[in-house]
Every structure is written in C-alpha cells, then in structure tokens.
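Down below is the structure, laid out as structure tokens.
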2 protein chains.
Amino acid sequence: MPVSAIDTLPEQRRPDDRPRLTELFLKGRGRDTMTPEDAATLEDSIEEVRTIPARTIVIRRDERVRHSSLLLEGVMCRYMDDRQGNRQIVAFHVPGDFVDLHGFAMRHLDHDVATLTPVRVALAGHDRLERIVASYPRLTRLLWFSTLLDAAMHREWVFRLGRLEADGRVAHLFCELHARLAMVDLVREGAFRFPVTQIDLAEAAGITPVHLNRVLRSLRERGLMTFRSGEVHILDLDMLTALADFDPSYLYGGGPTLEKQGA
Amino acid sequence: MPVSAIDTLPEQRRPDDRPRLTELFLKGRGRDTMTPEDAATLEDSIEEVRTIPARTIVIRRDERVRHSSLLLEGVMCRYMDDRQGNRQIVAFHVPGDFVDLHGFAMRHLDHDVATLTPVRVALAGHDRLERIVASYPRLTRLLWFSTLLDAAMHREWVFRLGRLEADGRVAHLFCELHARLAMVDLVREGAFRFPVTQIDLAEAAGITPVHLNRVLRSLRERGLMTFRSGEVHILDLDMLTALADFDPSYLYGGGPTLEKQGA
DNA sequence: CGAGGCATTGAGTGAGCTCAAAAGGCGTGG
DNA sequence: CCACGCCTTTTGAGCTCACTCAATGCCTCG
C-alpha cells in the first residue's frame, strides 16, 4: 500500500538546532557515555532534515544507499515480502532509532524501509560517517552498538515468533514498544500513540489481521491493554509481561557498559 | 541438555599457522577486499585456539565477555529459553562465523552461546579488537559488517517464522545452511554434514520435534532432500528454494560493496 | 544387556486459518 | 453537504495445520 516516490520536503537547518537533532539517539542506552565532542561530531554528520508523508517507501532493497536516517518523529518500519506478496514486518522504528544505519556498513539493504506515519528524519551522510569511523573510535563503537541493538531486537522477534502463541506475540510486541517508547519519554501513564493499522500489527506478529483483531479483543476483555485509533493503553503491565514472557534486558537499558554479573 | 563448564583444551599456537586461523572469515563476502595488512592485523587479534566438546554452554547471557570466538570447525548455536524452559535457537554458526563478535561492542550478551558438535574456536581478545577500531577503520568496517550479516540472517529468520509454514521453514533453514556452507567450501555435490538432532532443528524452526520429523519425511518423500545421522543431501535445490521462498541475497555473497542496482 | 536419548508413527485436539459478510471511518468529488 | 467508495475493523462458520499424548523402535554407550 505504501506509494513509492520519496516526497521529501527538505527543511532549512538552523544553526541553533545543532545539538537537538541527535539528542534522542541511544537515549537511555548509554548516550550519556558520549563525550560532548562525540555528540557534536555525530550532530555534524547530519546533512539534512526531511519530512516524509505516511505510507511512503523510503528505501527499496538492493538500492545503493548513501546516507542513513535517524528518526526524529513518527513511526517507520522495515519489511520483506514473499513471492505471493505477503508482507513480514521485521522491525518497527520509533524516534531516536537510527533506522538504516546498517546501510552504512552494508552499502545496500536486504529489505525495504517505509514510513507508517508522517515522519521527520535526520540524514547522516555516509562520507561523514566514514570520517567518524576513521577518527572517533569511541563514537564508532557506539554507532556499531546501536546497530547491534537492532540485531538484539531481531533475535527477540525470532523468539516471539518461534515460541509464543498469538496472544503472547501481540503482548510481546506491545511490551517492547512500551519499553522503547518509555526510553525516549513518549509514554504517559501507560499510554502512547502508535498510529498503525491492525494489518501492520498482524504483519509484524506473523498472524492474520482477522486473528489479530480477535487477540486484541481478548486482551481488551481481559483488561490487559487496549488499542484503538492508534492509541495504546497498557492497563496491566505485569500480566502483559507475563503473557509475553517479556524481559526487557535485551533492550540494553543503560547501554553496553552496564554489567549484570561479574566474571 | 548442554552441560555447563567450559572444558577447554587450549592449544599451542605455532607461528607457522599465523595466516591460517582467520582465513574463512567473510570468505565469499568481501574478505578479498581485505588488505594483507588488515588480514595480518586480524590474525594478530587471535590470542588462543580452543577445542570445546559438543553440547557445552560457552557463554551465558548477561555474562561479561572479554573475547570473541571465531568458529574454525564444528557447529555452534545461540539460543534463548522462555520461562517454561522451551528453547528457541536464534542462530546456527558454521566455520568462518565470528559467533559472538557482537559481544565486543555490547559487553554482555542477551542470549546463551553453546556448541552443538565438538568445535575449534579462535579467540580474539577485546583489547586487541579495541586497537583495531582505534587504528584500522577499513577492517573495523568489515568487522562491523560481519555482525550486520548476522542481523540480516536474524531478519530472514523472522521472515521464515512469521510467513512460512512448517515445510517452508525447514526448507528455508536448509537452503540457508546449504548456501552458507557452500561459501566456506563445505558442500560436496549438494551434500554436507550438519550433525545436530531433530530436536535442535525443531527449536530453530519454531515447531515441535514430532512435527519436524513429519516434515522431514515429507521432504524426503517428495525427493527434495534428506537428513539422516547428521548428513544433509539436497536433492532438488530448485524445488526446495521455491518451497522456502528462498533468496540468498541477504547473505551478501560478494560482500558489502557488491552493488545490485544503480542509484 | 540395560538405560537413556533420539527418531518415528498413530490418533485425537485445538489454535489459527480461510471465506464471507457487514459495519464503521474518512476523504473526495459531485 | 451529501454520497460514494475504499480501507479498516469486527464478527461468524467451517476447515486445516500443527499440537499433544502415547507407544514403539533404534542406536549408542556404559
């Protein structure tokens, strides 16, 4: 359903918003270990800010990419289609996520990237990232780490799809979104906006839209959560967590350096 | 079932096997873009070679890690257990894979790592990798890329579990293994060794061992492939590929620089 | 030779699917 | 402003794939 064409509305970058654009990057995951110089360097890698409409394909698989997108506002996703056109969403992205940073090291992607809502993204040029890798090892490791966070989420999705039943999958999905959005301060009293369709959720949970609808009804009737017109209300996080077998530690709250045990 | 305890048998490193240990790393995926100096530097990061028995847990989740393992021989896996003890394998590893290189940038892992067969691994110290990041940007990007390859495989597993039915999942798994093992020259006339149990395969495919067994029978009866006593024979790769909706491009044969299309 | 793990097969059950239909929401054009 | 159309959401009915439970055979190893 996403129409192609990158209808971009380039914005003017004002000098005074310099330290602003990347402020959500790795927030709650070790951003604070970044030196002011690292932060400024990262900020300098942003060449442009774009506004993109909802339901737009931003990058097609196999396409050569020359910049990476830091999501500032809105929701994006990455997905793959099978031969019959059935879609599997492999990642949701929320503000603060470097959506396609892996495109820097991979040169081209193995999946499509699209917006689900209208978004604002900050574009980091790969030539500038190249300079970071050449001269800022600590920042380089943080960028690397952030792509590994995505990999950790992928693993958790594998777990979700491999081991959980439909209600657990949906619960897990919302537990993850709740935790991730909370880290960038987008949750208010257990509620957050996530304006996607039930079809999108079904394509991420690996179930049919019809069954997803039934699962949502069940979760609502059990008093665990509601999803209505893009608004999520978590009513019983403990029960939802238990149903999802959810353990947020894969999100690396605190960042890479936070140790759990000795040895 | 894997017993804990790292029963390691440290080997003596002979000076003459210097250029040998890392020779499978990124083979078929841009290893050739590595300069001799890069290759030597990588080789120098290896501190030790270990032999580890089958069914041994090598790294437990949350454990602080100080070196990363390049698999030389054998099969390893990464997995996560749910609260009831059901296991989901999230990755298989074959020779040439840097099994837990992500542990370098993450400091601790969100899953366990175990051997499935007896293995030989080369251990790269994180302090030496740190020096690579500080001084060898091109090699750093290749290391980064190799962790992103794992992420790409994770995504494909998400697709497999989210969109395929049991026979497709199993077919996909074997298509991937076939392609990956072929890259490191471990396939002979469509046959390769993969000495794991049907239980392991089931834990990777997200189905029960009983059903996996039925699927294997079906694939065998349809003349697509056989799996017997750790030996895989691909009999009809085209049909298997079609059944699996398999497209090997996510394995980045040729490496990061190989472009597919312009723009 | 016995024990334990793995592989295999059967029978019955159930979660999630397909097919189908209808209601609600929203934007566009007459 | 209303009507239409399209997409999304919702619900029902029947079916199927994969599950559970169970039993048996096989193979390896002590």
Side-chain angles (χ1 to χ4, degrees), chain A residues 1-3 53-55 75 82 84-89 114 116-118 160-173 194-222 225-232 243-244, chain B residues 1-3 53-55 75 82 84-89 116-118 160-173 194-222 225-232 243:
Chain A
M1 43 211 54
V3 195
R55 304 283 159 182
V75 177
D82 68 11
Q84 300 88 274
N86 301 312
R87 173 158 305 178
Q88 177 65 44
I89 290 179
L116 291 173
T117 69
R160 172 198 302 162
L161 294 169
R163 285 283 88 100
L164 300 181
E165 301 196 326
D167 56 355
R169 292 186 191 181
V170 175
H172 192 285
L173 185 51
F194 195 68
V196 305
T197 66
Q198 292 188 9
I199 296 171
D200 298 324
L201 295 174
E203 286 171 347
I207 58 180
T208 58
V210 171
H211 197 56
L212 180 103
N213 181 274
R214 291 190 230 271
V215 169
L216 284 181
R217 170 160 53 130
S218 162
L219 295 177
R220 190 188 328 126
E221 286 171 355
R222 285 190 269 175
M225 59 161 291
T226 63
F227 175 85
R228 215 174 46 248
S229 51
E231 190 96 18
V232 180
L243 181 63
Chain B
M1 46 211 57
V3 194
R55 304 283 157 182
V75 178
D82 68 12
Q84 301 89 274
N86 301 312
R87 175 158 305 179
Q88 177 65 45
I89 291 180
L116 292 173
T117 70
R160 173 198 301 161
L161 294 169
R163 287 281 88 101
L164 301 181
E165 301 196 325
D167 56 353
R169 292 185 193 182
V170 175
H172 192 286
L173 185 51
F194 196 68
V196 305
T197 66
Q198 292 189 9
I199 296 171
D200 297 323
L201 296 174
E203 287 172 345
I207 59 181
T208 59
V210 171
H211 196 56
L212 180 103
N213 182 275
R214 291 190 229 271
V215 170
L216 284 181
R217 171 160 53 128
S218 162
L219 295 177
R220 189 188 330 125
E221 287 171 355
R222 284 191 269 175
M225 59 161 291
T226 64
F227 175 85
R228 217 174 43 248
S229 52
E231 189 96 18
V232 180
L243 182 62

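Every chain is numbered from 1, with letters handed out A, B, ... down the list of sequences.
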### Query
How close or far is atom P of C:dT18 from atom CG of A:Asn213, stated in whole angstroms?
15 Å
### Message
Are the side chains of B:Leu201 and B:Val170 in contact, using a 4.5 Å heavy-atom criterion?
### Response
no
### Task
Summarise protein proximity over nucleotides 14-24 of chain D in one line of letters, 5' to 3': B for base, S for sugar-phosphate only, - for none, counting protein heavy atoms closer than 4.0 Å.
----BSBB---
### Task
Give the minimum heavy-atom separation between A:Phe227 and A:Val232, together with the two atoms involved.
CD1-CG2, 3.7 Å
### Message
A:Ala166: which residues meet the side-chain contact (heavy atoms from CB on, under 4.5 Å) condition with it, sequence neighbours left out?
### Response
A:Ile207, A:His211, A:Val215
#### Entry: Pair B:Arg214-B:Ser218, side-chain donor/acceptor within less than 3.5 Å
no
### Task
Find the distance B:Arg228:CZ to D:dC27:C1' and express it as a whole number of Å.
14 Å
### Query
Between D:dT9, C:dT8, C:dC6, which nucleotide gets closest to the side-chain atoms of B:Ile199?
C:dC6
### Query
Tell me: CD of B:Glu221 to P of C:dT8, nearest whole Å?
11 Å
### Message
Can you measure A:Leu201 atom CG to D:dT10 atom P for me and round it to whole angstrom units?
### Response
11 Å
### Query
From C:dG10, D:dT8, C:dA7, pick the nucleotide closest to the side chain of B:Arg217?
C:dG10
### Message
Checking A:Arg220 now: which residues fulfil salt bridge (Lys or Arg N to Asp or Glu O under 4.0 Å) with it, not counting sequence neighbours?
### Response
none
### Task
Let me know the distance between CG of B:Asp200 and C1' of C:dG5, rounded to the nearest Å.
12 Å
### Message
Looking at every non-hydrogen atom in both residues, tell me the closest pair between A:Ala244 and A:Leu164 and how far apart they are.
### Response
O-CD1, 3.4 Å
## Note on the structure
Residue set satisfying side-chain hydrogen bond (donor to acceptor under 3.5 Å, both in side chains) with A:Glu231, at least two apart, ordered chain then number -> A:Arg193
### Query
A:Arg169: what forms a salt bridge (Lys or Arg N to Asp or Glu O under 4.0 Å) with it, not counting sequence neighbours?
none
### Inter-axis angle, terminal five-pair segments of the helix from C:dC1-D:dG30 to C:dG30-D:dC1 [nearest 10°]
40°
